[in-house]
Amino acid sequence: MIVSRLTLTYPGKPPTLKNISWRIKPGTWLGITGSNGSGKTSLLYCLAGLIPQHIPAKITGETLINQSTGIVFQNPDFSLFNLTVAEEVAFGATADVNRAIKAIGLWRFRNRDPQTLSYGEKQKVCLAGVLARDPEVILLDEPTAMLDYQSSLELYSLLLKLNRQGKTIITVEHDTSLLYQFTQKTLVLDKGRLAAFGPSAKVLKNKALIKRLGLRPI
Ligand SMILES: Nc1ncnc2c1ncn2[C@@H]1O[C@H](COP(=O)(O)OP(=O)(O)O)[C@@H](O)[C@H]1O
Ligand SMILES: [Mg+2]
């Protein structure tokens, strides 16, 4: 995945992403962090092909993905509209639906109405749905924002398993200690600019940078 001199401008606004360049190898787990409004979701939507195809914006530069992608939105309710978990995961599936449901630990919920599940469980239904389409890259926007630390660890352990099976994982994440523990690369955005990109251990140990951007120290 190569992003080269990417600049993104929503209609009538100053640029939201400014001249961003980075690349990762297939199979990498990349974390994206930065303060609110720094452009994390916009970057994720570019990688998912939602911008400019579904959300209008002007893009210059290049994003060479060359891999199939699947996205778990920050709000799981955006994606849930079927009557049972099994139907939800089966929607648009190209891979084994039961296998995806089991892999995410949702087998006991397979006949439940997704709307009756907790936020974290709904998110897992979305993840199972993505898995059932078997994309090479899985993108998640702040998947732990509404989870307690134990559930966050559980979700990240699940993602680690998928990463070890060869999936490229990209998580937008505020919890820098999770990024430090689990990801290989970290990208930091600051008001639409690339403030840092590199091995997570190195980037997240940059105390001056973390402090300057008001991020949580590890
Ligand atoms: N669809 C959109 N149209 C216009 N402006 C948008 C849209 N989505 C996001 N923005 C603006 O882009 C900036 C970055 O937003 P976002 O990518 O959501 O950042 P983050 O995820 O880091 O909080 C914000 O100023 C936001 O208002
Ligand atoms: Mg966001």
Side-chain angles (χ1 to χ4, degrees), residues 1 24-34 40-41 44 47-48 67-80 85-86 88-89 93 95-110 112 114 117-188 197-205 210 215-218:
M1 181 177 297
I24 53 169
K25 291 187 185 130
T28 301
W29 186 345
L30 168 72
I32 299 175
T33 196
K40 304 180 297 295
T41 297
L44 208 67
L47 303 178
Q67 285 175 296
S68 53
T69 59
I71 185 165
V72 177
F73 292 101
Q74 180 164 10
N75 183 347
D77 286 326
F78 284 176
S79 333
L80 298 173
V85 167
E88 193 61 63
V89 177
D96 187 333
V97 171
N98 286 343
R99 191 161 168 243
I101 293 174
K102 285 177 188 162
I104 306 302
L106 290 172
W107 190 247
R108 67 187 186 285
F109 295 129
R110 66 191 181 283
R112 284 271 294 273
L117 301 177
S118 73
Y119 187 93
E121 289 156 358
K122 283 180 178 176
Q123 226 165 16
K124 284 186 180 171
V125 175
C126 296
L127 179 58
V130 165
L131 212 55
R133 297 170 190 212
D134 201 24
E136 294 164 289
V137 185
I138 302 178
L139 311 156
L140 302 100
D141 195 358
E142 306 216 20
T144 68
M146 303 286 281
L147 302 184
D148 60 34
Y149 190 65
Q150 198 49 46
S151 310
S152 302
L153 269 184
E154 197 186 294
L155 179 68
Y156 265 57
S157 302
L158 233 162
L159 295 174
L160 182 62
K161 221 170 169 182
L162 298 174
N163 182 233
R164 288 193 171 142
Q165 288 164 9
K167 299 280 188 202
T168 302
I169 310 275
I170 302 184
T171 46
V172 170
E173 181 59 67
H174 276 290
D175 189 325
T176 45
S177 73
L178 282 174
L179 294 182
Y180 186 77
Q181 285 177 69
F182 286 91
T183 67
Q184 289 113 38
K185 293 278 167 71
T186 293
L187 186 162
V188 185
F197 170 74
S200 299
K202 198 171 164 199
V203 169
L204 296 167
K205 274 191 173 163
I210 299 293
L215 306 177
R216 194 194 307 181
I218 53 168

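For the numbers below, each heavy atom of this structure counts, side chains included, while hydrogens, waters and symmetry mates do not. Fair warning: this is a prediction, and the values are worked out from it, not measured in the lab.
Tyr119 OH to Ser151 OG: the interatomic distance, rounded to the nearest 0.5 Å, is 12.5 Å. For the atom pair CG (Leu127) and CD1 (Ile138), the distance works out to 6.0 Å, reported to the nearest 0.5 Å.
Between Leu80 and Leu117, every side-chain heavy-atom pair lies at or beyond the 4.5 Å cut-off. Using a 4.5 Å cut-off on side-chain heavy atoms (C-beta onward), Val137 and Leu47 make no contact. Looking only at side-chain heavy atoms (C-beta outward), Gln67 and Pro26 come within less than 4.5 Å of each other. A 4.5 Å side-chain heavy-atom check between Ile218 and Lys205 finds at least one atom pair inside the cut-off.
A donor-acceptor pair under 3.5 Å is formed between the side chain of Ser200 and the backbone N or O of Thr183. Distance alone, capped at 3.5 Å, is enough to place a donor-acceptor pair between the Ser118 side chain and the Glu121 backbone. Distance alone, capped at 3.5 Å, is enough to place a donor-acceptor pair between the Asn163 side chain and the Gly27 backbone. With Glu142 contributing its side chain and Val172 its backbone, the two residues share no donor-acceptor pair below 3.5 Å. No donor-acceptor pair closer than 3.5 Å links the side chain of Arg164 to the backbone N or O of Lys161.
When all heavy atoms are compared, the tightest approach of Pro135 to Gly70 is CB-N, 3.6 Å. Contact between Val203 and Gly198 at its shortest, heavy atoms only, is CG2-N, 3.5 Å. The two residues Thr144 and Ser152 have their closest heavy-atom pair at CB-OG, 3.4 Å. Closest of all the heavy-atom pairs between Leu147 and Gly120 is CD2-CA, 3.6 Å. Heavy atoms only, all atoms of each residue included: Ile101 and Ala86 are closest at CD1-CA, 3.9 Å.
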Evaluate the criterion side-chain contact (heavy atoms from CB on, under 4.5 Å) for residue pair His174 and Leu179; output intermediate values, then yes/no.
CA-CA 9 Å; His174 276 290; Leu179 294 182; over 6 Å; no
Going through the distances and angles, do Ile170 and Ile24 end up as a side-chain contact (heavy atoms from CB on, under 4.5 Å)?
CA-CA 10 Å; Ile170 302 184; Ile24 53 169; 4.2 Å; yes
Please report, to 0.1 Å, the donor-acceptor pairs under 3.5 Å made by any side chain of residues 153-160, with sequence neighbours excluded.
from, atom 1, to, atom 2, distance (Å)
Glu154, OE2, Lys124, NZ, 2.8
Tyr156, OH, Thr171, OG1, 3.4
Tyr156, OH, Glu173, OE1, 2.6
Ser157, OG, Leu153, O, 2.7

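For Arg216, the side-chain contact (heavy atoms from CB on, under 4.5 Å) partners are Asp175, Thr176, not counting sequence neighbours. For Ala201, the side-chain contact (heavy atoms from CB on, under 4.5 Å) partners two or more places apart in sequence, or in a different chain, are Tyr180.
Of the listed residues (Leu162, Thr28, Leu30), just one forms a side chain to side chain contact (heavy atoms under 4.5 Å, CB included) with Ile169, and that residue is Leu162.
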